[in-house]
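Naming convention: chains lettered A, B, ... in sequence-line order (proteins, then strands); numbering from 1 in each chain.
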Number of protein chains: 2
Amino acid sequence: MKAIENRTARCKQNDLALQDTIYAIGSKWKMRIFRSMCFGNIRFAEIEKSLTGITKRTLSKELKELEVNQLITRKAYPDQPSKAEYKLTSYARTLIPMINEMVRWGTEHRQMIIKGQKTA
Amino acid sequence: MKAIENRTARCKQNDLALQDTIYAIGSKWKMRIFRSMCFGNIRFAEIEKSLTGITKRTLSKELKELEVNQLITRKAYPDQPSKAEYKLTSYARTLIPMINEMVRWGTEHRQMIIKGQKTA
DNA sequence: CAGATCGGTATACCGGAGTATACCTGATAA
DNA sequence: TTATCAGGTATACTCCGGTATACCGATCTG
């Protein structure tokens, strides 16, 4: 049946797309870094502070990967206490709806869990 | 400044929500399994076939975790060639907008990459 | 002078997510 | 008889994402 073949192909394609997304920003930290930056944080230390538990090394590495993937830009100033600014690219902003959905769901999920503890 | 405190607190809360989401369905396979099921796949073998590369062991483990988190239900029939059906819970369906966003972005991202190869 | 700040790098290490492979049951088909 | 199917489990292993810790240069602060 051609219809079934199409359906299967579409399923595979969607899976591929999902894989791509997960590959680009799916790690323990990338989305969280990204979200922090959406929130207005642009300095290394600001981002670090906003993400409890992240190490400098990890943050540094993840920022580099985000830069390579053209999701952020880095501008360093040769100032005295060194200074760098990270900014989302306009392309990265296409990710915002997704992140918002994730935040929304996480918020509702937490409420569900809390409520669930009462009854169950 | 109170405004800044509020902003910081809100930032932390959003980060927490994002963490929760990632914790619940963020792994190499969970979202992909979930998406496959959205697509109509309900049998173990169907899901397995739709996700190239997954092993039985991994699929089995991930399905169990999804069940524990009340995102899917499992119904086993004591038939001859054993049979089981997995279904999304209505609660799980609240994840669909998010998954759709991820598929959408992945699709566009791939197109961008392909185009980018021409010019850059 | 010691100590702090900013934005990192260097080195060494570990845990656990995911993999590979073989095997199980119980019925049915060739 | 042997093989096949679905839906798994058992055991052993590997790899690498992330951690821990220390350190750097340049400056300014007390």
Is the closest basic N to carboxylate O distance between A:Lys30 and A:Glu62 below 4.0 Å?
yes
Any salt bridge between B:Glu101 and B:Arg104, counting N to O under 4.0 Å?
yes
[N] [atom2] sits how many Å from [X] [atom1], rounded?
{"X": "A:Glu65", "N": "D:dC16", "atom1": "CD", "atom2": "C1'", "answer": "12 Å"}
{"X": "B:Ile22", "N": "D:dG18", "atom1": "CD1", "atom2": "P", "answer": "10 Å"}
{"X": "B:Met31", "N": "C:dG18", "atom1": "CE", "atom2": "P", "answer": "12 Å"}
{"X": "B:Leu59", "N": "D:dG8", "atom1": "CG", "atom2": "P", "answer": "8 Å"}
{"X": "B:Leu51", "N": "C:dG18", "atom1": "CG", "atom2": "P", "answer": "13 Å"}

Counting any heavy atom closer than 4.0 Å, what does A:Lys30 reach on the DNA or RNA strands: base, sugar-phosphate only, or nothing?
nothing
Touch check for A:Glu62, heavy atoms < 4.0 angstrom, all strands: base, sugar-phosphate only, or nothing?
sugar-phosphate
Taking all non-hydrogen atoms of both residues, which atom of [X] and which atom of [Y] are closest, and how far apart?
{"X": "B:Met31", "Y": "A:Ile22", "answer": "CB-CD1, 4.3 Å"}
{"X": "B:Trp29", "Y": "B:Thr52", "answer": "CH2-O, 3.8 Å"}
{"X": "A:Phe34", "Y": "A:Ala92", "answer": "CZ-O, 3.1 Å"}

Show every salt bridge (Lys or Arg N to Asp or Glu O under 4.0 Å) that has at least one partner inside residues 44-53 of chain A, sequence neighbours left out.
A:Glu48-A:Lys56
A:Asp15: salt bridge (charged side-chain N to carboxylate O under 4.0 Å, His left out) partners, not counting sequence neighbours:
B:Arg32, B:Arg35
Contacts of type salt bridge (charged side-chain N to carboxylate O under 4.0 Å, His left out), residue A:Arg43, not counting sequence neighbours:
none
Contact residues, residues 33-50 of chain A to DNA chain D [heavy atom, < 4.0 Å]:
none
Note: contacts of residues 68-77 of chain B with DNA chain D (heavy atom, under 4.0 Å) are B:Arg74
Under 3.5 Å: donor-acceptor pair, side chain of [X], backbone of [Y]:
{"X": "B:Ser50", "Y": "B:Ser36", "result": "no"}
{"X": "A:Arg74", "Y": "A:Lys64", "result": "no"}
{"X": "B:Thr107", "Y": "A:Ala17", "result": "no"}

Between the protein and nucleotides 19-25 of chain D, which nitrogen or oxygen pairs are less than 3.5 angstrom apart?
{"from": "D:dT19", "atom 1": "OP2", "to": "A:Thr58", "atom 2": "OG1", "distance (Å)": "3.0"}
{"from": "D:dT19", "atom 1": "O4", "to": "A:Arg57", "atom 2": "NE", "distance (Å)": "2.7"}

Counting only side-chain nitrogens and oxygens, does A:Tyr86 get under 4.0 Å of the OP1 or OP2 atom of C:dG8?
yes
